[in-house]
Amino acid sequence: MADFDAIVIGGGLVGTAVAYGIARLGKRPVLLDEGDIAHRASRGNFGLVWVQSKGFGVPEYQRWTRRSSDTWTEFSQELLEETGIGTGHERPGGVTICLSEEELDKRRRLMEQLHIEAGETNFDYEILTHAELKKMLPAIGPDVVGASYTRYDGHANPLYTMRALHAALLKHGGTYVPNARVESIQAAPNHFVINAGGRSFAAPRLVLGAGLGNKALGEMVGLNVPVRPVRGQIIVTERLQPVLPMPTLMMRQTVEGTIMIGESREESGFDDTTSPEIIHTLAQRAVKSFPFLRNVRIVRTWGALRVMAPDGLPIYEQSSEFPGAFVCTCHSGVTLAASHARYYAQYVMDGALPAELARFSTKRFDVQAAA
Amino acid sequence: MFKLLPDSPSERITVHVDGQAVSVPPGFTAAAAMLLHGTGSTRTTPVTGEPRAPYCMMGVCFECLLQIDGEPNQQGCLVTVAEGMRIERQLGKRKVDE
Ligand SMILES: Cc1cc2nc3c(=O)[nH]c(=O)nc-3n(C[C@H](O)[C@H](O)[C@H](O)COP(=O)(O)OP(=O)(O)OC[C@H]3O[C@@H](n4cnc5c(N)ncnc54)[C@H](O)[C@@H]3O)c2cc1C
Ligand code: FES
């Protein structure tokens, strides 16, 4: 039996960020990860570090997202220094493009709401006319009516981010165990034993960071984690000279020159294939926004499964039945990677989640028992 | 570096490789025409600018990207030559007309 300070289950963006964060504190985590057949949102996502559509009606989520986005630049810099791997993170601000007056009106109302709900956090935004947006993104087409802009938005390469996190985890003395699917957990308060991948691991802390796998794992340690898959499809183009100086909600140009176009939201169960209808809709909207795309080659498309809670918010909780067991899951694992590494890891090792995260507790899923 | 097989058909068509008129057998691919008449590397990569040349010749590796009749980033190994075709190296990222 190998003893560790913490066992983290799930080697995607969420689990790896938390495990790295724990190792960074000088503790010894072990990261247990399933094999290549697993559903892995971290390998199929869009790569936005996005603030301007998060947390309508839930200021706690807006603040938590902002905090991560504010931390990302430093987080990325530290990963580069520690591992030599750049995440491709940039924070030039971002826009949500509107193709009709109705869309722009709706957008304006939502941004105003975020601004009000931000309170003293202060949420700066601008609603841009076509002409104003054209100065920032000269490639927009005549069908673009306007856009919302915030300086908090950015993007990163999720695959390089994963690589950097894995490398940094190892560099800080953390252990990574692939092909170690967790089927059962022996749980006692602040004592967890797991047999996986032919080995045995023990630790006083356990973090469930296994994406869609958290539902089943949660049941083993008294945590209700009702996540479900929500599919998104993405189009990837050939590499182009820089044309998009900042990301939009549905399009971004990577540092390598590729343009990514996304992303749909579909209830498709565990089916992660693509469908021509959705790809068609995405491509149409993209060409309306940026007509030059009409002549650009698509090199691939894919589908991937988001990890979604019923209300779309992250789930952060410590088990009351088995203290020491935490769940960490969300649908914006790129955006929140910095917070998971820097803050969530610390809370886990401290053994308590702060009031700031109370809104994300599993208690919100408890149905009142009828008297 | 490359030679035609001794039993290749004697028929020829004319294409332009980097502006030079050359003759190749019909049924050749643009990538093969480049290999036969080009000068080593047929493209530079979009990120680091490294020189590259066709590799798999069957459509999977994307090492053969060429500019064909003005269209950038074509997989040269999947395009059959036609009389008068203009085949050029693909240098780095393609430009777009905004
Ligand atoms: C199309 C699409 C676009 C997206 N765009 C963005 C975006 O622009 N910005 C953003 O911030 N987020 C985006 N996301 C969301 C982001 O990808 C996810 O939030 C994030 O990847 C979730 O990471 P995860 O580690 O929780 O899950 P996953 O990546 O699914 O990883 C879970 C890991 O747990 C392992 N696992 C599961 N069960 C077990 C078990 N029993 N034992 C051991 N290991 C197990 C799996 O092998 C896997 O490696 C997008 C998602 C999709 C699908
Ligand atoms: S040479 Fe490999 S795709 Fe053309």
Side-chain angles (χ1 to χ4, degrees), chain A residues 47 84-88 90 95 97 130-131 133-144 156-157 159-160 163 235-246 248 251-261 283 286-302, chain B residues 15-18 29-35 38 40-82 84-98:
Chain A
I85 301 166
T87 65
E90 290 177 340
V95 294
I97 288 181
H130 176 92
L133 181 62
K134 186 107 186 153
K135 285 191 199 124
M136 296 159 92
L137 284 171
I140 57 168
D143 288 333
V144 174
N157 179 321
L159 297 178
Y160 282 131
R163 249 177 81 183
I235 301 174
V236 175
T237 74
E238 62 183 317
R239 286 172 174 176
L240 310 172
Q241 291 196 344
V243 276
L244 297 183
M246 63 169 63
T248 82
M251 244 166 294
R252 70 182 195 95
Q253 186 169 23
T254 68
V255 285
E256 293 85 9
T258 295
I259 294 190
M260 299 184 65
I261 301 167
V287 169
K288 265 194 163 183
S289 306
F290 296 100
F292 76 87
L293 286 170
R294 204 181 295 279
N295 300 316
V296 167
R297 293 165 80 82
I298 290 173
V299 295
R300 66 184 73 88
T301 59
W302 70 67
Chain B
V15 297
H16 304 273
V17 170
D18 277 332
T29 64
M34 263 281 177
L35 289 175
S41 130
T42 63
R43 70 166 185 129
T44 56
T45 64
V47 180
T48 58
E50 266 183 69
R52 294 290 173 88
Y55 178 60
C56 73
M57 294 298 271
M58 58 182 209
V60 294
C61 73
F62 285 71
E63 290 292 10
C64 59
L65 297 180
L66 295 171
Q67 194 150 321
I68 299 176
D69 288 336
E71 266 292 302
N73 278 338
Q74 306 285 309
Q75 279 172 279
C77 73
L78 298 182
V79 176
T80 307
V81 291
M85 181 179 270
R86 287 173 294 121
I87 307 169
E88 284 152 273
R89 289 184 294 163
Q90 173 70 44
L91 299 177
K93 296 184 176 81
R94 79 169 270 193
K95 296 178 188 60
V96 288
D97 310 314
E98 286 173 25

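Please read these numbers as outputs of a predicted model, since none were measured by experiment.
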**Under 4.5 Å from any heavy atom of chain B - which part of A/V255** =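 It is the backbone, since no side chain atom gets that close.
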**Item:** Side chain to side chain, B/V47 and A/R239, heavy atoms closer than 4.5 Å
**Value:**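 Yes, their side chains come closer than 4.5 Å.
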**Asked** Going by residue number, which parts of residues 52-59 of chain B are within reach of chain A, meaning a heavy-atom gap below 4.5 Å?
**Response**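 Listed by number: none.
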Between [X] and [Y], which heavy-atom pair has the shortest distance, and what is it?
X: B/Q75; Y: A/R297; result: N-NH2, 4.4 Å
X: B/R94; Y: A/L240; result: CG-CD2, 3.2 Å
X: A/Q241; Y: B/K95; result: OE1-CG, 3.2 Å

**For B/V96, the option from A/T237, A/N295, A/V296, A/I259 that meets side chain to side chain contact (heavy atoms under 4.5 Å, CB included)** =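 It is A/V296; the other options fail the test.
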**Asked** For the atom pair CD (A/E238) and NZ (B/K93), what is the distance rounded to the nearest 0.5 Å?
**Response**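 Nearest 0.5 Å value for the CD-NZ distance: 12.5 Å.
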